[in-house]
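Structure, as structure tokens:
The structure displayed is predicted, hence computed values, not measured ones. These values consider heavy atoms only, across backbone and side chains, with no hydrogens, waters or symmetry-generated copies.
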Amino acid sequence: MQAPSVGGVMLPRGGGEVIRLSRGASLTDFAEKIGANPASLVAVMMNLGEMVTATQSVSDDTLTMLGEEMNYTVQIVSPEEEDRELLESFDIEFGEDEGGEEALVARPPVVTVMGHVDHGKTRLLDAIRKTNVVAGEAGGITQQIGAYQVGTEVNGEERRITFIDTPGHEAFTAMRARGAKSTDIAILVVAANDGVMPQTIEALNHAKAAGVPIVVAVNKIDVEGADPTKVRGQLTEFGLVAEEYGGDTMFVDISAKQGLHIDSLLEAVVLTADASLDLRANPDQDAQGIAIESHLDRGRGAVSTVLVQRGTLRIGDTVVVGDAYGRVRAMLDDKGNNVEEAAPSTPVLVLGLTNVPGAGDNLLVVDEDRTARQIAEKRAARERNAAFAKRVRRVSLEDLDKVLKAGLVQELNLIIKGDASGAVEALEASLLQLDVGEEVDIRVLHRGVGAVTESDIDLAMGSDAIVIGYNVRAAGRAAQMAEREGVDVRYYSVIYQAIEEIEAALKGLLKPEYEEVELGTAEIREVFRSSKLGNIAGVLIRSGEVKRNTKARLVRDGKVIAEDLTIHGLRRFKDDVTEIREGFEGGINLGNFNDIKIDDVIATYEMREKPRA
């Protein structure tokens with residue numbers, strides 16, 4: 001039935017019917033649903049005070065407002081629903097085991113270790129894995145997400161457990177928010193000398209929200225002031241009652257540093273899994289799983305650590321992971337060995353993808369390369385539309401105080417680049433959770449894996465966005481471009497530093513800061529071995545000048561390999577010098593740091609105090 005709409009435009013009026021639209025839909029999409037002319041809806045939006053073109057992706061709020069005006073109930077389809085409908089259109093069911101009960105076989109439990117910072121999560125993983133992962137981490141915080149399997153003997157039977165190595169509950173929640181059920185059991189690490197701390201409660205709430213059983217590891221029982229009984233009493237208040245107190249939660253007293261009772265903890269995980277969960281999967285169907293971590297490798301391209309959840313993944317399979325696809329060229333296990341196939345609950349590093357998928361993206365094996373490409377392209381288009389629908393407002397970190405004082409409601413736009421997708425998503429999830437009142441919001445315009453590029457600077461210029469580089473640096477001419485255009489690029493090596501600084505800026509509390517000033521960069525052309533001094537880098541000074549005793553960092557393929565180095569020695573031929581200028585060659589000694597390779601870049605800098613205006 002035709003009835004005049006706003007401004008006399010003749011439009012079909014609804015009777016409260018529900019219209020389902022995807023994120024980032026356009027007025028053309030809306031018009032198709034109700035059988036109207038898109039130009040008419042453009043006229044309606046103009047009458048409502050919104051200038052929108054027919055093909056422009058619009059926000060969820062705009063679609064809802066238009067629906068109310070037209071007497072329709074607009075329902076925005078969630079990303080999970082969109083993906084399920086997309087897969088159904090290709091006759092694919094994700095998340096279901098094929099066959100009946102007889103097709104299911106037991107699989108190892110998948111475990112995530114959570115807890116308060118400095119309570120020993122990484123050292124516990126180190127003790128379990130028998131390799132040192134603490135040494136290469138900034139601030140003792142796990143910066144990469146990986147996965148590995150260990151074996152333990154329970155009641156005379158060899159059992160396997162898969163551990164997901166995360167930088168805390170941020171990445172755990174980021175994956176769960178995207179519908180990825182990656183974890184069967186959570187190990188909550190609590191230090192016996194500290195007891196329950198704020199992040200302990202936070203991690204506990206995340207595990208409870210995910211509906212996973214919890215095993216408590218009471219760590220540091222060997223240090224002075226340790227009181228495991230106190231920890232049991234504190235956790236009772238949060239609903240975790242130890243078995244010895246009549247509850248159903250297993251507590252294990254351990255010392256990750258001394259390696260005490262690690263076997264008992266693994267046994268507790270297996271027993272909890274047996275008692276609380278039915279961990280079975282069909283190993284004979286096409287593989288399905290999730291991406292745990294992904295990054296760009298210089299020699300191998302896009303690589304992704306995936307956890308197979310059902311079916312068996314084999315070399316040669318055609319896979320689609322999020323908006324990436326490809327044929328599995330090779331698979332590596334957690335020890336770096338080549339494997340031919342991966343059964344349920346097995347983590348493997350997959351080579352052969354077209355681009356870097358995100359943490360929590362689902363993995364599917366499909367019959368044809370064409371099907372994989374179509375699914376990946378539809379997913380990528382859907383994400384682009386959703387991104388285009390986000391409004392961009394101009395504001396920068398440095399003038400944020402003025403914006404707040406002026407009483408304006410603004411958004412802080414961010415572009416996040418990092419060395420691995422899991423860390424990028426963890427950082428994004430943590431920043432979006434910051435709540436500093438109604439005056440200002442955070443919007444992430446773009447996130448990605450790899451060095452900060454010129455296209456990132458272009459996007460930042462057009463939207464007054466802040467660029468955050470997490471364990472990566474600017475590549476090529478991007479640094480000069482950012483400096484020339486006045487784009488604010490900030491580099492971090494620890495997640496919590498980025499969170500604290502952005503939160504402080506949002507609250508208008510950012511104190512006078514030290515600004516990093518780049519002095520010069522040197523490209524390593526040759527590496528000389530010296531029994532007395534260690535490795536010496538034969539370099540060509542690419543820009544600026546390199547001075548002795550200044551700070552330096554080592555960059556390899558756009559990624560920061562080492563921070564906080566010092567130029568200990570500087571030579572021109574046989575002479576010790578205090579500086580070498582651009583265009584000249586020389587030798588650089590980085591003291592005790594010897595992990596240098598040809599084509600690495602040594603970037604020198606100094607910190608200068610920069611008071612806020």
Side-chain angles (χ1 to χ4, degrees), residues 1-83 85-86 323 377-396 403 406-415 428 432 438-447 455-456 458-466:
M1 171 180 154
Q2 296 284 345
S5 183
V6 181
V9 179
M10 296 298 292
L11 285 168
R13 302 280 294 184
E17 298 96 329
V18 175
I19 295 177
R20 298 177 83 246
L21 293 169
S22 60
R23 297 169 302 153
S26 65
L27 298 189
T28 301
D29 298 326
F30 195 116
E32 286 177 4
K33 294 283 187 180
I34 64 173
N37 186 341
S40 303
L41 297 188
V42 173
V44 174
M45 291 304 301
M46 288 179 65
N47 279 283
L48 293 174
E50 293 273 349
M51 296 295 292
V52 180
T53 65
T55 56
Q56 177 184 335
S57 294
V58 294
S59 67
D60 298 350
D61 291 341
T62 302
L63 292 171
T64 303
M65 178 177 69
L66 179 59
E68 289 174 355
E69 181 64 27
M70 302 294 300
N71 199 21
Y72 290 99
T73 301
V74 174
Q75 188 180 85
I76 304 298
V77 181
S78 70
E80 294 76 26
E81 284 182 284
E82 282 185 276
D83 205 56
E85 291 172 3
L86 171 63
D323 60 358
E377 287 174 351
K378 287 180 183 290
R379 283 174 169 171
R382 189 182 65 206
E383 290 301 320
R384 275 198 306 273
N385 289 339
F388 287 150
K390 296 177 180 178
R391 291 188 180 178
V392 175
R393 293 178 180 172
R394 300 175 64 84
V395 66
S396 65
V403 171
L408 302 173
V409 177
Q410 291 285 357
E411 289 172 342
L412 175 61
N413 298 318
L414 298 176
I415 295 169
E428 179 189 20
L432 292 178
E438 299 178 356
E439 290 81 13
V440 67
D441 290 322
I442 292 177
R443 187 177 293 284
V444 177
L445 299 181
H446 172 65
R447 64 163 187 261
S455 62
D456 296 324
D458 275 334
L459 178 58
M461 285 163 50
S463 55
D464 272 340
I466 312 301

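Contact check for Leu66 versus Val74: no side-chain heavy atoms found under the 4.5 Å cut-off. At least one side-chain heavy atom of Arg23 sits under 4.5 Å from a side-chain heavy atom of Ile76. When side chains are defined from C-beta on, Ile19 does not count as touching Thr73, because their heavy atoms never get closer than 4.5 Å. Considering only heavy atoms from C-beta on, Lys33 stays 4.5 Å or farther from Asp29 through its side chain. When side chains are defined from C-beta on, Glu383 does not count as touching Asp323, because their heavy atoms never get closer than 4.5 Å. A heavy-atom distance below 4.5 Å is not found between the side chains of Leu63 and Met65.
For the atom pair CE (Met70) and CG (Leu41), the distance works out to 6.0 Å, reported to the nearest 0.5 Å. Atom CD of Glu69 is separated from atom CG of Asn47 by 8.5 Å, given to the nearest 0.5 angstrom.
Glu85 and Arg20 are joined by a salt bridge, as a carboxylate oxygen and a charged side-chain nitrogen come within less than 4.0 angstrom of each other. Between Arg379 and Asp83, at least one side-chain nitrogen of the basic residue sits less than 4.0 Å from a carboxylate oxygen of the acidic one, meeting the salt-bridge criterion.
Between Met45 and Leu27 the shortest heavy-atom distance is CG-CD1, 3.8 Å. The shortest heavy-atom contact between Glu82 and Ser22 is OE2-CB, 3.0 Å. The two atoms that bring Asn37 and Ala31 nearest to each other are C-CB, 4.2 Å, heavy atoms only. Across all non-hydrogen atoms, the minimal contact from Asp456 to Ile415 is O-CD1, 3.5 Å. Nearest heavy atoms, Phe30 versus Leu21: CD1-CD1, 3.7 Å. Closest of all the heavy-atom pairs between Pro38 and Ala54 is CB-CB, 4.0 Å.
Using a distance-only test at 3.5 Å, with no hydrogens or angles considered, no donor-acceptor pair links the side chain of Asn71 to the main chain of Gly67. In terms of modelled atom types and a separation under 3.5 Å, the side chain of Ser57 and the main chain of Gly24 share a donor-acceptor contact. Of the possible donor and acceptor atoms, none in the side chain of Thr62 sits under 3.5 Å from a partner among the backbone N and O of Val58.
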Problem set entry | Stepwise side-chain contact (heavy atoms from CB on, under 4.5 Å) check, Ile466 with Asn413 | CA-CA 6 Å; Ile466 312 301; Asn413 298 318; over 6 Å; no

Exercise. Going through the checks in order, is the side-chain contact (heavy atoms from CB on, under 4.5 Å) test met by Val52 and Val42?
Worked result: CA-CA 6 Å; Val52 180; Val42 173; over 6 Å; no

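Residues passing the side-chain hydrogen bond (donor to acceptor under 3.5 Å, both in side chains) test with Ser455, sequence neighbours excluded: Thr453. Glu32 meets the salt bridge (charged side-chain N to carboxylate O under 4.0 Å, His left out) test with no other residue; sequence neighbours excluded.
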